[in-house]
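One structure below.
As a basis for the values below, the full set of heavy atoms in this structure was taken, side chains included, without hydrogen atoms, waters or symmetry mates. For ligands, and for the atoms within them, numbers begin at 1 and follow the listed sequence.
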Amino acid sequence: KLEETSPNEYQDNKFVCQRATPLKHHNTKFTDALEILERHAVYVDSTQRDSRALAFRRAACALKSYPKQITRIEEASKLSSVGNHSKKEILENGSSDEVQDILSSEFFKTMEVFSSIYGCGPATARKWYEKGYRSIADVHHAVSDGMKLTEQQTMGFKYHSDLVKPVPKEEAINIKDIVIKELSKIQPNCIVELVGGYRRGKLSGHDVDILITHQNNSKVEGLLHKLVERLEKLDLMVGRNPHFESKTLYLKSVKGIGEGSQRQGGHMDSLDHCFCMFQMGKSFENEKVEHSCMQTTGEADETGTSTGSSSSEQMAAVVRRVDLIVAPHKQFPFALLGWTGSKQFNRSLRDYAWKVLKVKLSNHGMWDHKHIPVRQVEATSEQEIFHELKLEYRDPHDRNA
Ligand code: DGT
Ligand code: MG
């Protein structure tokens with residue numbers, strides 16, 4: 001469903017969060033090209049994300065929410081976010097020589113492959129490229145020659161062929177149902193939401209983001225640890241060394257559930273979260289013998305049933321990235337908003353809140369800096385957050401910036 005503004009009324013001198021950005025829009029051929037230019041700009045200089053790359057992203061955002069297909073360059077000229085470089089792409093109908101050259105360049109192709117490895121960001125990809133590596137096999141050789149990988153990269157390589165496969169929404173729901181089922185055995189009445197792209201209407205994603213809370217704060221503390229322990233016992237999670245180490249890639253629990261800090265340090269928030277990998281559709285008949293002594297038959301059956309794969313019709317096992325996040329109830333609407341995304345929508349919302357209202361917004365809450373001393377502003381739903389920010393409410397489906 002597209003925003004019903006007529007092109008004449010359309011203004012792009014607004015913040016992205018002030019307009020609807022639906023998943024399906026009219027200018028895909030241009031935004032696809034601009035996204036290639038953006039990725040390329042990041043690959044060329046991952047420290048300069050805020051200049052060239054950002055300009056392409058802004059232009060793409062404006063075109064995503066434009067209520068019709070841009071057919072003439074004069075139309076694009078009305079959009080202040082579409083700079084000259086991006087306009088050139090429109091002039092050339094989204095298939096400029098520049099984009100074609102990028103797509104066929106060894107640099108871009110290699111950087112795309114390296115960036116598809118979980119745990120490998122543009123800086124690492126670039127480092128590997130500069131060392132002369134051109135393929136996953138080259139990196140494997142370097143590792144056998146002693147190059148160190150992070151834990152996440154090790155897992156990223158090990159399960160690369162699985163992790164590049166998109167996760168269909170049905171499977172994400174299936175994973176959420178497993179989490180709900182296991183949670184109910186530890187702590188009844190938890191609230192569980194599938195967040196990330198699925199909540200914005202995407203039918204597939206690169207990972208499964210699940211946000212959890214409970215009305216009673218005392219039930220939230222330590223909940224993630226208990227859940228992860230339980231999931232690990234089910235033998236559903238994979239790890240680097242399933243026999244000795246925790247299988248969790250990253251588990252962070254914040255001591256004491258406080259008010260949440262208003263400081264937003266970098267990309268991460270300080271909610272309890274666990275980055276892990278689930279093995280879905282696994283046949284328990286094929287279980288390694290050593291493994292079977294680690295679990296009771298009952299648990300194995302339960303998992304088999306809940307993954308919907310205990311019958312003779314086994315699907316091929318596939319490893320999926322799952323992020324589990326636990327938020328105190330009071331912070332839940334903010335965490336929900338933050339983890340629903342998109343990243344670009346969040347960026348715009350925070351930018352708007354600060355520049356227009358002097359309000360600091362994070363995944364934990366919001367703080368009014370016009371008020372002395374700084375005052376925390378409460379909200380019990382996403383709608384209330386938008387209301388406090390004097391913004392028209394945007395449904396998650398319209399947050400696909
Ligand atoms: P996908 O998975 O490819 O369909 O795309 P999304 O939109 O689900 O993106 P994803 O999974 O990277 O992140 C979902 C939202 O959660 C995104 O808007 C930003 C937020 N998010 C992701 N990772 C982190 C994190 O480590 N810390 C914080 N604070 N937010 C994160
Ligand atoms: Mg996601």
Side-chain angles (χ1 to χ4, degrees), residues 16-17 21-24 35 38-39 42 49 57 60-61 64 112 115-122 150 152 156 162-176 179 192-213 224 248-254 260-278 319-328 331-351 360-366 382 385 394-401:
V16 167
C17 61
T21 311
L23 194 58
K24 285 212 169 72
E35 277 161 14
E38 180 196 339
R39 287 214 297 284
V42 170
R49 271 170 198 236
R57 198 183 312 137
C61 267
K64 279 180 193 172
E112 289 275 279
S115 304
S116 73
I117 298 157
Y118 175 63
C120 175
T150 64
Q152 298 198 349
D162 278 359
L163 298 178
V164 291
K165 289 180 195 138
V167 190
K169 185 168 186 177
E170 304 76 61
E171 200 180 316
I173 292 172
N174 197 356
I175 292 176
K176 183 186 95 164
V179 169
V192 183
E193 280 278 353
L194 184 59
V195 287
Y198 302 106
R199 189 158 179 262
R200 303 195 308 273
K202 283 172 71 176
L203 296 177
S204 69
H206 88 285
D207 67 356
V208 182
D209 309 293
I210 298 172
L211 179 66
I212 302 161
T213 191
L224 186 61
T248 308
L249 288 162
Y250 185 82
L251 175 64
K252 178 163 172 285
S253 263
V254 185
S261 158
Q262 55 171 309
R263 253 183 303 143
Q264 184 72 16
H267 174 55
M268 305 278 263
D269 53 41
S270 49
L271 295 168
D272 283 9
H273 54 260
C274 170
F275 299 158
C276 48
M277 293 193 189
F278 279 25
V319 171
R320 304 299 202 185
R321 279 264 308 106
V322 179
D323 288 351
L324 303 170
I325 309 105
V326 175
Q331 297 176 22
F332 185 73
F334 296 93
L336 184 62
L337 183 61
W339 277 88
T340 297
S342 68
K343 285 191 188 90
Q344 183 62 13
F345 184 84
N346 290 349
R347 211 174 275 136
S348 149
L349 200 57
R350 284 165 195 192
D351 213 31
K360 273 233 151 69
L361 173 72
S362 80
N363 287 3
H364 302 278
M366 57 184 167
E382 286 182 317
I385 302 175
R394 295 276 163 231
D395 184 83
H397 287 230
D398 285 331
R399 298 182 204 159
N400 283 292

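The distance from the CG atom of Leu324 to the CZ atom of Phe278 is 5.5 Å, given to the nearest 0.5 Å. Within the model, atoms OG of Ser204 and NZ of Lys165 stand 14.0 Å from one another, a figure rounded to the nearest 0.5 Å. Between the CG atom in Asn346 and the CG atom in Leu337 there is a gap of 6.0 Å [rounded to 0.5 Å]. Ile117 CD1 to Gln152 CD: the interatomic distance, rounded to the nearest 0.5 Å, is 13.0 Å.
Taking every heavy atom of both residues into account, Pro22 and Lys64 meet most closely at CD-O, 4.0 Å.
Residue-level proximity to ligand 1 for Leu271 is absent, since no heavy atom of it falls below 4.0 angstrom. When non-hydrogen atoms are compared, ligand 1 lies under 4.0 Å from the side chain of Asp209 (C-beta onward) but not from its backbone. Using a 4.0 Å cut-off between heavy atoms, Lys202 contacts ligand 1 through its side chain alone, with no backbone atom that close.
In the vicinity of Asn346, heavy-atom distances shorter than 4.0 Å reach the ligand 1 atoms 18 (O). The distance from ligand 1 to the heavy atoms of Asp207 drops below 4.0 Å at these ligand atoms: 2 (O), 11 (O). In the vicinity of Gly338, heavy-atom distances shorter than 4.0 Å reach the ligand 1 atoms 16 (O), 18 (O), 20 (C). Near Gly205, meaning under 4.0 Å from any of its heavy atoms, are these atoms of ligand 1: 4 (O). The Gly341 neighbourhood of ligand 1 comprises atoms 18 (O), with distances under 4.0 Å to a heavy atom of that residue. Listed by atom number, the atoms of ligand 1 under 4.0 Å from Lys343 heavy atoms are 12 (O), 17 (C), 18 (O), 19 (C). The atoms of ligand 1 that sit less than 4.0 Å from any heavy atom of Asn363 are 29 (N).
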Between side-chain atoms of residues 192-203 and protein atoms elsewhere (two or more places apart, or another chain), which donor-acceptor pairs fall under 3.5 Å?
unit_1, atom_1, unit_2, atom_2, d
Tyr198, OH, Val167, O, 2.8
Tyr198, OH, Gly205, N, 3.2
Arg199, NH1, Thr340, OG1, 2.8
Arg199, NH1, Glu382, OE1, 3.4
Arg199, NH1, Glu382, OE2, 3.0
Arg199, NH2, Glu382, OE1, 2.8
Arg200, NE, Asn400, OD1, 2.8
Arg200, NH1, Thr340, O, 2.7

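In the candidate list Phe345, Phe275, Trp339, Trp339 is nearest to atom 31 (C) of ligand 1, counting heavy atoms. Looking at Arg321, His364, Arg399, His206 and measuring to atom 2 (O) of ligand 1, the nearest heavy atom belongs to His206.
Ligand 1 has at least one atom lying under 4.0 Å from a heavy atom of Arg200.
Annotation: Gly196 places no N or O atom under 3.5 Å from an N or O atom of ligand 1; distance criterion only. Looking at Asp323 next to ligand 1, no N or O pair under 3.5 Å apart turns up.
Of the possible polar contacts, none joining the Asp209 side chain to the Asp323 backbone as a donor-acceptor pair under 3.5 Å is found. The closest donor-acceptor contact from the side chain of Ser342 to the backbone of Ala401 lies under 3.5 Å. Remark: the backbone N or O of Thr21 is not paired with any side-chain donor or acceptor of Arg399 at under 3.5 angstrom.
Residues satisfying the side-chain hydrogen bond (donor to acceptor under 3.5 Å, both in side chains) criterion with Glu170, sequence neighbours excluded, are absent altogether. For Ala327, the side-chain contact (heavy atoms from CB on, under 4.5 Å) test picks out Leu211, Leu271, Ala335, with sequence neighbours left out.
Side chains of Arg57 and Lys343 form no contact here, defined as non-hydrogen atoms less than 4.5 Å apart. In this structure, Trp339 and Ile325 have side chains that are in contact, with non-hydrogen atoms separated by less than 4.5 Å.
Listed by chain and residue number, the protein N/O/S atoms under 2.8 Å of the Mg ion (ligand 2) are Asp207 OD1, Asp209 OD2, with waters left out.
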